[in-house]
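Scroll down for the structure; my scribbles are underneath it.
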Amino acid sequence: MKLSVRELLEHSPAHIAEAAALFIGYLQDVELINEMTSLALRVRSQDHKVIAGLLDMYLRDTRFQLYLRANENDMRIPDLSFYFDSREDAEADFTLLTVLYTSVKDKEVFDPYVFPWVSRVLTKSRIAQKICRLALLISSPDYTEKALDYVCSLDPYDRGLYIKYLLYRCQTRRQVEFAVAMMADKGSDARDQACRIVRNLHDWNDLVDEDYLAMESHLRLKAAPMRTCIIEILGSLPDNKAISSVRRLFSDKSADRRLAGLSILKNWIAKGEKAEAINALKPELSAIANPTSKERVLLESIFAENDSKENIYTPENGFGLYS
């Protein structure tokens, strides 16, 4: 059967090759599907309709699904030999998929597909998913970095999923920068995964000053879990860096960034931490002229936790934090 299907894909007119692709998909033979999809990518890369009939089932089987659902602390990668005869074959498919990605529109619909009741869709997001899967199988820093170019094309849920696995252990500077950038992703799944990764990188001392500056920039956004994560990270910096960070936030034009700075200060006071930093930052509160209603609530809360004396609190006297 393999030989005859191969001949159909290689040499037959498009409508016959499409029927062969549909037939292969219905068989659900993982080895055959992967082999014939690789063949189709090589010999019919311009025939998107044939590719659409095969790509959905490519690298899609129980072994891979189990891996993607694995416990966060049990990151076993399926053996590449389950899918390819050699690493070179996997790398060749990776290259072919990146070429296909550039030639495909965001979404190409083939309806009908062989039969009137069958349709197939080819999308950049699905191709990007296969590229990311191949990068996981090849499992090398250079292919992980290549795959990062396609992560933002994934659907929101898949972005979170593949960020989790591709950046499980960031090995290069670019991977770290990508993780920090994805903390501001539009999708909550991607943001949450990026925050977990960056929190670990911070705990392992794998971040640099530019990363913390990028996080300060993210605080213009209102996503609550992301803000909480960044506020905790910035608040745990050494005193000199934490003070500099909060000063920048206090003086920012964005009310959301100023609120983040106030939240850091409030957390320190509530926990009884960083007394010297708190004293150093008290004068900075005067820079917050004309506080918004949210800032005023935080300022009053900060005072209530810092000093139990009753007073008249104004921006000029730092809402009672200094006289």
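As a basis for the values below, the full set of heavy atoms in this structure was taken, side chains included, without hydrogen atoms, waters or symmetry mates.
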Report task. With sequence neighbours excluded, tell me which residues meet side-chain hydrogen bond (donor to acceptor under 3.5 Å, both in side chains) with Tyr113. Result -> none
Query raised in the report: Quick one: are the ring centres of His48 and Phe110 less than 6.0 Å apart?
Result: no
Query raised in the report: Is there a side chain to side chain donor-acceptor pair (under 3.5 Å) between Arg133 and Tyr58 once you walk through the steps?
Result: CA-CA 10 Å; Arg133 288 195 172 205; Tyr58 178 63; over 6 Å; no
Requested in this report: From the options Arg220, Lys222, Lys294, select the one residue that forms a salt bridge (charged side-chain N to carboxylate O under 4.0 Å, His left out) with Asp256.
Outcome: Lys222
Query raised in the report: Can you tell me how far OG of Ser263 sits from CG of Leu298, rounded to the nearest 0.5 angstrom?
Result: 5.0 Å
Query raised in the report: Between Gln171 and Pro141, which heavy-atom pair has the shortest distance, and what is it?
Result: OE1-CG, 3.5 Å
Query - Tyr150 and its ring-ring contact (aromatic ring centres under 6.0 Å, His included) partner, picked from Phe178, Tyr143, Tyr101 - result: Tyr101
Query - Donor-acceptor pair, side chain of Lys124 and main chain of Val104, under 3.5 angstrom - result: yes
Query - Heavy atoms from other residues, nucleotides or ligands near CG of Asp79 exceed 12 (cutoff 6.0 Å) - result: yes
Query raised in the report: So how far is it from Met57 CE to Ile24 CD1, rounded to the nearest 0.5 Å?
Result: 11.5 Å
Requested in this report: Apply the side chain to side chain contact (heavy atoms under 4.5 Å, CB included) test between Leu59 and each candidate in Leu134, Leu136, Thr37; give the one that qualifies.
Outcome: Leu134
Query raised in the report: For Trp268 and Val246, which heavy atoms make the closest approach, and how far apart are they?
Result: CH2-CG2, 4.0 Å
Query raised in the report: What pair of heavy atoms forms the shortest contact from Val151 to Cys132, and how long is it?
Result: CG2-SG, 4.1 Å
**Report entry** Shared hydrophobic cluster, Tyr165 / Tyr157 (ILVMFWY, side-chain heavy atoms < 4.5 Å)
**Finding:** yes
Requested in this report: Determine which pairs satisfy salt bridge (Lys or Arg N to Asp or Glu O under 4.0 Å) with at least one residue from residues 207-218, sequence neighbours left out, and list them in order.
Outcome: Arg173-Asp211, Asp209-Lys241, Glu216-Arg248
Requested in this report: For residues Val30 and Arg60, report the shortest heavy-atom separation together with the two atoms involved.
Outcome: CG2-O, 4.5 Å
Query raised in the report: What are the two closest non-hydrogen atoms of Tyr83 and Pro78, and how far apart are they?
Result: CE1-CB, 4.0 Å
Query - From Leu148 atom CG to Ile131 atom CD1, the distance as rounded to the nearest 0.5 Å - result: 12.0 Å
Report summary line: CD1 (Ile264) and CD1 (Ile269) are apart, to the nearest 0.5 Å, by 12.5 Å
Query raised in the report: Any ion pair linking Asp203 and Arg199 (charged N to carboxylate O, less than 4.0 Å)?
Result: yes
**Report entry** salt bridge (Lys or Arg N to Asp or Glu O under 4.0 Å) pairs, two or more places apart, involving residues 88-98
**Finding:** Arg87-Glu91
Query raised in the report: Looking only at heavy atoms, which two atoms of Met226 and Cys195 are closest? And how far apart?
Result: CA-SG, 3.9 Å
Query raised in the report: Could Arg6 and Glu35 be called an ion pair, given the rule that one side-chain N must be under 4.0 Å from one carboxylate O?
Result: yes
